[in-house]
**Student:** 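Would you mind keeping the following structure in view while I ask a few things?
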Amino acid sequence: MLDPALLRAHLDVVAERLATRGYALDVAAVEAIESERKRVQTQTQELQNLRNTRSKAIGQAKAKGEDASALMAEVAGIGDQLKVNEQRLAEVQEQLAALALGIPNLPDASVPQGADEHGNVEQHRWGTPRAFDFEVKDHVELGTRHGWLDGDAGAKLSGARFTVLRGGLARLHRALAQFMLDLHAGEHGYLECNVPLIVNPDSMRGTGQLPKFEEDLFSTAVGEGKRYLIPTAEVPLTNLVRDEIVEADVLPMRMTAHSLCFRAEAGSHGRDTRGMIRQHQFEKVELVSISRPADSADEHERMTRCAEVVLEKLGLPYRRMLLCTGDMGFSAAKTYDLEVWLPSQNTYREISSCSNCTDFQSRRMQARWRNPETGKPELVHTLNGSGVAIGRALIAVMENYQNADGSIAVPEALRPYMGGVAQIA
RNA sequence: GGAGAGGUGGCAGAGUGGUCGAAUGCGCCGGAUUCGAAAUCCGGUUUACGGUUAUGCCGUAACGUGGGUUCGAAUCCCACCCUCUCCGCCA
């Protein structure tokens with residue numbers, strides 16, 4: 001959510017900046033509803049004030065044993081008028097909130113303008129794509145060996161966009177998760193967490209999935225009210241500070257979690273249908289950082305580096321992209337994507353996304369820290385990044401480490417997690 | 001799922017219809033005392049929103065959440081959520 005004060009005072013500037021990311025803000029609608037809010041709220045508060053002072057006078061009169069009937073007649077009509085006003089005020093504020101919750105974050109000044117992914121800017125590359133002296137297979141083909149990767153089984157059990165992993169490949173998948181978690185918790189200073197995969201609507205609203213993107217989520221109706229399967233561990237990790245005021249000395253709060261992620265992939269029909277690139281259920285090691293506002297830009301660089309180290313230790317060539325205004329997610333002010341080299345596609349594909357959400361999520365969540373300089377609670381900044389997607393890392397390892405016979409070499413970094421084996425065959 | 005107890009400020013904990021945003025204690029901040037400290041004493045110490053002649057002032061709201069009764073609700077009524085104890089079930 002954007003700062004309502006900013007929205008009020010500099011509506012035109014806000015609209016202009018939102019336009020760069022392809023969002024058309026209805027300025028007239030905001031102005032109309034805002035002036036109505038102001039009128040109704042002021043009037044309501046005056047009525048409340050009147051009622052309060054009169055009621056207090058009645059109490060005082062009665063305490064002294066005086067007759068209060070004249071005073072009581074005076075307040076008689078206020079209740080009904082107040083009820084009408086309060087109802088109207090609730091309506092207007094609801095409209096305003098609905099509008100505010102649907103507005104994306106403002107892009108950071110350092111973000112290049114662009115309409116879509118073609119406007120993204122490459123920052124740097126690491127590693128050299130391997131030269132193969134045989135015809136490379138893609139991960140689907142490699143996965144047919146020993147039934148390692150079985151899309152048909154996934155379809156039978158659950159439907160499209162589910163897969164079953166078996167044997168050495170299933171173990172390699174597990175090894176990747178353990179490796180990443182150990183790296184971030186052990187060397188990068190993130191606190192290892194294990195979090196719920198099902199969360200309530202408040203949590204989804206806090207990180208920005210609701211109310212706008214409900215169709216992307218799986219939900220459950222078991223128990224009281226609707227709850228949602230998390231699309232990323234960013235949701236539970238970030239919401240840990242929802243409605244909290246944390247002390248300055250706990251910042252930055254760096255947290256990591258390995259989790260399952262569930263995405264309906266609505267609107268992605270026909271994209272990446274082959275193999276396990278785009279699944280309804282996948283795993284990811286997530287990085288979340290809660291920081292002081294002044295530190296969030298540095299923290300963003302650091303977090304992205306932590307994700308890059310994963311790929312470097314795995315020996316996977318990648319490049320870092322700075323996303324342009326038109327390609328960023330709803331909550332992000334600035335995003336780096338890491339793209340890993342996939343030999344079968346002869347291109348780089350997204351494997352990590354690291355975003356600085358500034359105060360956009362924290363305002364929704366009322367997540368604050370106590371600033372020692374002012375002594376007051378102020379909004380924190382929230383950041384999240386994949387460190388990295390495990391399914392896609394598995395694909396990248398399969399394709400980049402494949403041998404001519406279809407066996408797959410195990411990257412050095414993963415061997416301790418594979419009982420020392422050097423390849424899966 | 002059943003029975004019981006309970007949810008009040010950073011924490012503990014009073015308050016069963018009126019001057020209660022809320023006693024008291026602890027903690028924290030400032031000051032006095034002291035060579036310094038402890039002890040003691042004095043003062044201060046929630047948040048959100050709105051208005052404003054803005055490092056201030058005024059108003060409104062908030063005692064788990066949402067409704068209701070009332071001129072007036074932390075207090076009475078209803079529903080729900082959560083926590084704890086015991087039982088059941090379960091990994």
Side-chain angles (χ1 to χ4, degrees), chain A residues 1-11 30-31 33-101 194-206 220-228 236 239-251 260 359 361-380:
Chain A
M1 206 166 80
L2 301 180
D3 184 357
L6 184 72
L7 206 57
R8 238 174 274 141
H10 306 287
L11 189 55
V30 176
E31 277 173 341
I33 197 164
E34 170 57 24
S35 71
E36 172 72 352
R37 191 227 91 233
K38 189 165 173 175
R39 187 185 70 78
V40 177
Q41 181 162 351
T42 309
Q43 198 178 58
T44 304
Q45 292 187 350
E46 279 168 6
L47 279 169
Q48 284 171 328
N49 185 15
L50 188 65
R51 181 203 60 194
N52 290 348
T53 50
R54 290 298 185 279
S55 292
K56 203 165 271 191
I58 291 171
Q60 282 168 346
K62 288 199 167 176
K64 288 183 210 152
E66 294 168 4
D67 177 30
S69 56
L71 279 165
M72 287 177 72
E74 210 177 322
V75 265
I78 297 179
D80 292 337
Q81 178 64 42
L82 200 51
K83 203 160 272 185
V84 172
N85 266 64
E86 279 172 350
Q87 202 161 11
R88 177 67 189 141
L89 182 61
E91 270 172 34
V92 174
Q93 281 178 329
E94 208 168 300
Q95 284 175 38
L96 209 52
L99 203 106
L101 287 174
N194 190 285
V195 291
L197 307 181
I198 299 175
V199 300
N200 58 32
D202 282 347
S203 295
M204 286 297 186
R205 206 172 298 114
T220 171
V222 175
E224 298 302 321
K226 201 171 191 179
R227 281 181 289 199
Y228 298 88
N239 273 279
L240 283 169
V241 291
R242 169 156 56 82
D243 293 321
E244 301 284 338
I245 301 170
V246 300
E247 294 304 325
D249 59 12
V250 308
L251 299 177
L260 284 131
D359 60 5
Q361 294 179 324
S362 58
R363 185 171 294 106
R364 290 171 163 246
M365 293 191 299
Q366 281 303 304
R368 292 164 297 173
W369 66 300
R370 201 170 287 281
N371 184 345
E373 284 172 29
T374 62
K376 291 285 172 192
E378 296 172 15
L379 296 171
V380 296

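We name chains A, B, ... by the order of the sequence lines, and we start the count at 1 in each one.
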**Student:** Can you tell me which residue among A/D359, A/I245, A/V246 is in a side chain to side chain contact (heavy atoms under 4.5 Å, CB included) with A/R368?
**Tutor:**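 Only one of A/D359, A/I245, A/V246 forms a side chain to side chain contact (heavy atoms under 4.5 Å, CB included) with A/R368, namely A/I245.
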
**Student:** Please give the distance between the P atoms of B/G64 and B/U16 as a whole number of Å.
**Tutor:**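 Pairwise P distance, B/G64 against B/U16, rounds to 15 Å.
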
**Student:** Kindly say whether A/S203 contributes a backbone atom to a donor-acceptor pair with the side chain of A/N239 at under 3.5 angstrom?
**Tutor:** yes

**Student:** Mind calculating the distance between CD (A/Q41) and P (B/A61) to the nearest angstrom?
**Tutor:**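 Value for this atom pair: 11 Å.
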
**Student:** How far, in whole Å, is B/G15 from B/G9 if one measures between their P atoms?
**Tutor:**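 Approximately 16 Å lies between the P atom of B/G9 and that of B/G15.
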
**Student:** Please measure how far the C1' atom in B/A74 lies from the corresponding atom in B/A14, and state the result in whole Å.
**Tutor:** 12 Å

**Student:** Determine, for nucleotides 62-75 of chain B in 5'-to-3' order, which nucleotides have protein heavy atoms under 4.0 Å from the base (write B), from only the sugar-phosphate (write S), or from neither (write -).
**Tutor:** -------S-BS---

**Student:** What is the distance, to the nearest angstrom, from the CD atom on A/E244 to the C1' atom on B/U47?
**Tutor:** 14 Å

**Student:** How is A/R368 classified with respect to the nucleic acid when contacts are heavy atoms under 4.0 Å: base, sugar-phosphate, or nothing?
**Tutor:** sugar-phosphate

**Student:** Rounded to whole angstrom units, what separation is found between the CD1 atom of A/I245 and the P atom of B/C11?
**Tutor:**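 In whole Å, B/C11 P lies 10 Å from A/I245 CD1.
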
**Student:** Quantified in whole Å, what is the P atom distance between nucleotide B/C20 and nucleotide B/U60?
**Tutor:**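 These two P atoms come out 15 Å apart once rounded.
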
**Student:** Can you find a side chain N or O atom of A/N49 that sits less than 4.0 Å from OP1 or OP2 on B/G59?
**Tutor:**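 For B/G59, OP1/OP2 do not have a side-chain N/O of A/N49 under 4.0 Å.
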
**Student:** Write down the atom of A/E36, the atom of A/V92, and the distance for their closest heavy-atom approach.
**Tutor:**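 Taking every non-hydrogen atom into account, CG-CG2, 3.8 Å.
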
**Student:** Can you tell me the distance, in whole Å, between the CG atom of A/L89 and the P atom of B/G51?
**Tutor:** 12 Å

**Student:** For RNA chain B, what is the dot-bracket line, given that a base pair needs Watson-Crick (N1 to N3, plus N6-O4 or O6-N4) or G-U wobble (N1-O2 and O6-N3) geometry with both distances under 3.5 Å, and | means paired with another strand?
**Tutor:** ((((((((.[[[..)..(.....]]]((((((.......))))))(((((((...))))))).[[[[[..)....]]]]])))))))....

**Student:** Using a 90° cut-off around 0 for syn, call B/A54 syn or anti.
**Tutor:** syn

**Student:** Regarding A/D202 and A/R205, does a basic nitrogen lie under 4.0 Å from an acidic carboxylate oxygen?
**Tutor:** yes

**Student:** Rounded to the nearest Å, what distance is computed from the CZ atom of residue A/R39 to the P atom of nucleotide B/U60?
**Tutor:**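 That distance rounds to 20 Å.
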
**Student:** Could you say whether A/E46 or A/R37 is positioned toward the 5' end of RNA chain B, judged by the nucleotide with the nearest heavy atom to each?
**Tutor:** A/R37

**Student:** Between A/R363 and A/M1, is there a donor-acceptor pair closer than 3.5 Å when you use the side chain of the first and the backbone of the second?
**Tutor:** yes

**Student:** Closest approach of A/R242 and A/M365, non-hydrogen atoms and distance?
**Tutor:**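 What the structure gives for the nearest pair is CG-O, 3.4 Å.
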
**Student:** Rounded to whole angstrom, note down the C1' distance from B/A73 over to B/G25.
**Tutor:** 27 Å

**Student:** Any side-chain to backbone donor/acceptor pair from A/S362 onto A/L379? Under 3.5 Å, distance only.
**Tutor:**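 Looks like no, no N/O pair under 3.5 Å.
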
**Student:** Could you give the distance separating B/U46 and B/G21 at their C1' atoms, to the nearest angstrom?
**Tutor:** 9 Å

**Student:** Where is the tightest heavy-atom contact between A/T42 and A/K38, given as atom of each residue plus distance?
**Tutor:**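 That closest heavy-atom pairing would be OG1-O, 2.7 Å.
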
**Student:** Could you pick out which residue, A/T53 or A/P377, lies toward the 5' side of RNA chain B when each is mapped onto its nearest nucleotide?
**Tutor:** A/P377

**Student:** Send over the distance from A/Q45 CD to B/U52 C1', rounded to a whole Å.
**Tutor:**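 To the nearest whole Å, that distance equals 13 Å.
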
**Student:** When the P atoms of B/G27 and B/G17 are compared, how many Å lie between them, rounded to an integer?
**Tutor:**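 So the two P atoms sit 34 Å from each other.
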
**Student:** Any heavy-atom pair between the side chains of A/E86 and A/Q48 that's under 4.5 Å?
**Tutor:** yes

**Student:** Could you state the CH2-P distance from A/W369 to B/G10, rounded to the nearest angstrom?
**Tutor:** 19 Å

**Student:** Can you tell me, in whole Å, how much space there is between the C1' of B/C82 and that of B/C63?
**Tutor:**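 It comes out at 16 Å once rounded to the nearest Å.
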
**Student:** I need the single residue from A/E46, A/Q43, A/Q41, A/Q45 that forms a side chain to side chain donor-acceptor pair (under 3.5 Å) with A/N85. Which is it?
**Tutor:** A/Q43

**Student:** Nearest heavy-atom pair of A/P196 and A/P236: which atoms, and what distance?
**Tutor:** O-CG, 3.7 Å

**Student:** Nearest-Å distance, NZ (A/K38) to P (B/G50)?
**Tutor:**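 Going from A/K38 (NZ) to B/G50 (P), I get 10 Å.
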
**Student:** Under 4.0 Å between a side-chain N or O of A/R370 and OP1 or OP2 of B/U47?
**Tutor:** yes

